[in-house]
K.L.:
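Input: one structure, supplied below.
A, B, ... follow the sequence lines: proteins, then strands. Residue 1 opens every chain.
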There are 2 protein chains.
Amino acid sequence: MEPQNRKEADVGVDQSDLIESLVRISFVTTAVLSRIAAEHDLSLTQMRVMAILRDRQGGMNELAAYLGLEKSTVSGLVDRAEGRGLLKRTRNPSDGRGVHVSLTDEGASLALRGAREVALALSPMTSVLNGAETRRLTALLDRMLASS
Amino acid sequence: MEPQNRKEADVGVDQSDLIESLVRISFVTTAVLSRIAAEHDLSLTQMRVMAILRDRQGGMNELAAYLGLEKSTVSGLVDRAEGRGLLKRTRNPSDGRGVHVSLTDEGASLALRGAREVALALSPMTSVLNGAETRRLTALLDRMLASS
DNA sequence: TATTGTTATACTCTATAACTATA
DNA sequence: TATAGTTATAGAGTATAACAATA
């Protein structure tokens with residue numbers, strides 16, 4: 001006999017509960033990120049671009065790979081952010097085809113401010129846990145992230 | 001003396017680490033949801049509409065409130081999903097202004113299939129934890145969710 | 001020929017403002 | 001007047017396909 005409920009058979013009851021909680025926490029977190037971005041007249045994607053460029057600069061293809069978007073899409077994103085003075089294209093001197101995208105000072109400042117505001121906006125939720133719980137939760141999340 | 005690092009002073013080092021993990025897990029989860037949705041020619045928002053309608057039907061305003069979107073936006077979303085036969089509008093007999101939005105059989109079937117596929121797609125990540133860890137993580141996430 | 005990036009095109013998502021119909 | 005919903009409009013995000021420039 002086949003089990004009646006494939007989902008439970010495939011992933012287990014406990015994992016189903018976890019997945020539901022993961023999806024819910026993701027929507028809450030994404031909503032906060034979107035709101036902070038909107039307060040700076042940025043889309044969530046634009047905010048991601050800024051956050052990525054804080055850690056690593058590079059060409060359009062690299063940026064597209066990090067974002068999981070087509071390079072034509074990234075061209076448009078970079079166009080608009082560049083028009084606002086948040087980032088800049090520079091030509092790659094060793095390869096005339098490539099461009100190098102990096103934050104301007106204004107962009108870096110905005111990215112830092114945004115990161116602080118995100119932390120503050122999420123802190124009411126994260127602060128319901130005590131120190132030990134916070135570290136335990138972080139460790140569990142990081143183990144899942146390391147596997148993906 | 002003011003502390004040099006406002007972020008740490010405001011939310012604490014442990015909370016900063018948690019917030020970074022939360023943001024990362026949210027992007028991973030959202031990417032999986034978007035991919036599954038795209039495999040069914042749905043946007044992430046359309047998939048949310050279907051998931052919401054699985055649990056609770058209602059009018060356009062209610063739906064807009066759940067989604068956090070303008071009612072005009074929801075009109076368009078419902079238009080397109082209705083055109084594909086995934087959901088239907090019915091007039092509210094007691095109030096001629098209102099409509100009632102609900103899944104069609106095809107829409108309900110797609111929503112169920114999508115939920116199963118999401119669970120399966122996330123299970124490689126969730127299954128790195130053992131049973132006790134899975135339950136502990138779920139409990140911690142749910143406590144944060146209950147506060148928001 | 002292959003690679004990097006841009007442009008053209010089309011569609012979806014989204015908000016604001018104006019509108020219709022009902023209450 | 002107030003409420004539920006739609007429509008008109010405009011801009012951003014997105015992908016596909018075609019293109020230009022460089023390697």
Side-chain angles (χ1 to χ4, degrees), chain A residues 27 30-31 33-53 57-102, chain B residues 27 30-31 33-53 56-84 86-102:
Chain A
F27 278 125
T30 302
L33 293 172
S34 297
R35 178 173 59 75
I36 303 285
E39 287 172 5
H40 294 284
D41 283 305
L42 293 172
S43 70
L44 181 57
T45 306
Q46 294 275 11
M47 193 141 174
R48 283 189 71 195
V49 170
M50 313 272 293
I52 288 169
L53 290 178
Q57 311 172 1
M60 302 295 283
N61 267 332
E62 272 176 276
L63 203 45
Y66 272 114
L67 290 162
L69 297 172
E70 288 301 312
K71 57 187 179 173
S72 62
T73 301
V74 178
S75 275
L77 290 166
V78 168
D79 280 349
R80 289 182 288 273
E82 191 175 30
R84 283 183 53 183
L86 299 177
L87 48 80
K88 55 181 184 290
R89 285 173 167 100
T90 46
R91 301 217 65 82
N92 184 337
S94 63
D95 184 340
R97 297 170 299 182
V99 302
H100 182 87
V101 185
S102 57
Chain B
F27 278 125
T30 302
L33 293 172
S34 297
R35 178 173 59 74
I36 304 284
E39 287 172 5
H40 295 283
D41 282 305
L42 292 171
S43 69
L44 181 56
T45 307
Q46 295 274 13
M47 192 140 174
R48 283 188 71 195
V49 170
M50 314 271 294
I52 288 169
L53 290 177
R56 44 190 153 245
Q57 311 172 1
M60 303 294 283
N61 267 331
E62 273 175 276
L63 203 46
Y66 272 113
L67 291 162
L69 298 171
E70 289 299 313
K71 56 186 181 175
S72 63
T73 301
V74 178
S75 276
L77 290 166
V78 169
D79 281 348
R80 289 182 287 274
E82 192 176 30
R84 284 183 54 183
L86 300 176
L87 48 81
K88 58 179 181 292
R89 285 172 166 101
T90 45
R91 301 216 66 82
N92 184 337
S94 63
D95 184 339
R97 297 170 299 182
V99 302
H100 182 87
V101 186
S102 57

K.L.:
Provide, to the nearest angstrom, the distance between the CZ atom belonging to A:Arg97 and the C1' atom belonging to C:dA2.
P.N.:
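Distance, rounded to whole Å: 8 Å.
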K.L.:
Could you tell me which residues satisfy side-chain hydrogen bond (donor to acceptor under 3.5 Å, both in side chains) with A:Arg91, sequence neighbours excluded, listed by chain and number?
P.N.:
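Scan of A:Arg91 (side-chain hydrogen bond (donor to acceptor under 3.5 Å, both in side chains), adjacent residues dropped) gives none.
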K.L.:
Any side-chain hydrogen bond (donor to acceptor under 3.5 Å, both in side chains) pairs touching residues 70-81 of chain B, not counting sequence neighbours?
P.N.:
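Residue pairs passing side-chain hydrogen bond (donor to acceptor under 3.5 Å, both in side chains), neighbours aside: B:Asp79-B:Arg89.
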K.L.:
A:Ser102: which residues meet the side-chain contact (heavy atoms from CB on, under 4.5 Å) condition with it, sequence neighbours left out?
P.N.:
A:Gln57, A:Lys88, A:His100
K.L.:
Tabulate below the donor-acceptor pairs under 3.5 Å that side-chain atoms of residues 41-48 of chain B make, not counting sequence neighbours, or state none.
P.N.:
unit_1: B:Ser43; atom_1: OG; unit_2: B:Thr45; atom_2: N; d: 3.4
unit_1: B:Ser43; atom_1: OG; unit_2: B:Gln46; atom_2: N; d: 3.0

K.L.:
When you list every nucleotide of DNA chain D with an atom under 4.0 Å from a heavy atom of chain B, which one comes first 5' to 3', and which comes last?
P.N.:
D:dA2 to D:dT7
K.L.:
What does nucleotides 12-17 of chain C look like as a protein-contact string, B for base, S for sugar-phosphate only, - for none, at under 4.0 angstrom between heavy atoms?
P.N.:
SSBBBB
K.L.:
Around atom OH of A:Tyr66, are there more than 12 heavy atoms of other residues, nucleotides or ligands at under 6.0 Å?
P.N.:
no
K.L.:
Using side-chain hydrogen bond (donor to acceptor under 3.5 Å, both in side chains) as the criterion, list what pairs up with B:Asn61, not counting sequence neighbours.
P.N.:
none
K.L.:
Return the set of residues passing salt bridge (charged side-chain N to carboxylate O under 4.0 Å, His left out) with B:Arg97 (not counting sequence neighbours), or none when no residue passes.
P.N.:
B:Asp95
K.L.:
For C:dT4 and A:Asn92 - does any side-chain N or O of the residue sit under 4.0 Å from the phosphate oxygens OP1/OP2?
P.N.:
no
K.L.:
Can you name the residues that form a salt bridge (charged side-chain N to carboxylate O under 4.0 Å, His left out) with B:Arg35, not counting sequence neighbours?
P.N.:
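B:Arg35: salt bridge (charged side-chain N to carboxylate O under 4.0 Å, His left out) contacts with B:Glu39.
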K.L.:
Has A:Arg89 got a side-chain N or O lying under 4.0 Å from the OP1 or OP2 atom of C:dG5?
P.N.:
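Answer is no, no contact under 4.0 Å.
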